[in-house]
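Quick one: the structure is below, and I'll ask about it shortly.
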Amino acid sequence: MSRLQDHMMGLHRELDERLFVHQQALLDRDVAAAARALAHCRELLALHMADEEEFVLPRYALGGGDATDAPVRLFLGEHQRVREFLDRFAVALAAMSSPPDDRRLLELLDLQATFKNLLLHHDLRERNALYPRLAAMLTAQDETALLGRLRVQPS
Ligand SMILES: [Fe+2]
Ligand SMILES: [Fe+2]
């Protein structure tokens with residue numbers, strides 16, 4: 001696995017973990033903790049998507065990514081949907097009583113099931129197409145330079 005893939009997949013795991021912590025707080029009916037955990041998740045996701053949009057996807061397009069079955073617009077469209085879901089979650093949480101009403105809580109969890117499905121598809125598309133194809137387009141030096149530009153640095 002390339003350093004790029006390794007870094008990005010580690011980040012995706014961290015994002016899943018933050019979402020899990022958020023949902024755990026929902027199961028505990030702790031609305032304040034759920035809101036904090038959601039903000040934590042959103043923060044990393046926003047930076048990661050910005051890195052992809054600014055540095056990863058343009059380089060992939062330059063290397064011919066748009067001529068494949070995974071063109072840049074697919075990734076951008078999924079990022080847009082991810083942002084819309086996260087906004088909806090924040091609005092739903094802000095409107096939630098503490099402790100939350102059963103119906104509201106279940107509505108949010110249902111919405112998040114759809115979101116997790118979107119994330120899963122996005123993860124697979126990046127894991128199987130974007131990251132390996134981009135890594136194959138880059139020299140070791142280019143890869144180092146690209147990794148150096150990212151806002152979210154390998155830990
Ligand atoms: Fe990603
Ligand atoms: Fe992405």
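Indexing begins at 1, ligand by ligand and atom by atom, following the structure's order. Side-chain atoms are counted along with the backbone in the values below, which use heavy atoms only and exclude waters and symmetry mates.
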More than 12 heavy atoms of other residues, nucleotides or ligands under 6.0 Å from CZ of Arg73: is that the case? no
Do the side-chain N and O atoms of His12 and Glu126 include a donor-acceptor pair separated by under 3.5 angstrom? yes
Counting only heavy atoms not in Arg133, do more than 12 fall under 6.0 Å of its CZ? yes
Pull up every protein N/O/S atom sitting under 2.8 Å from the Fe ion (ligand 1), skipping waters. His12 NE2, His48 NE2, Glu52 OE2, Glu126 OE1, Tyr131 OH
Do side-chain atoms of Arg81 reach the backbone of Leu76 as a donor and acceptor pair under 3.5 angstrom? no
Does Arg59 come within less than 4.0 Å of Asp51, counting only side-chain N to carboxylate O? no
Enclosure of Arg88 CZ (heavy-atom neighbours >12, cutoff 6.0 Å): no
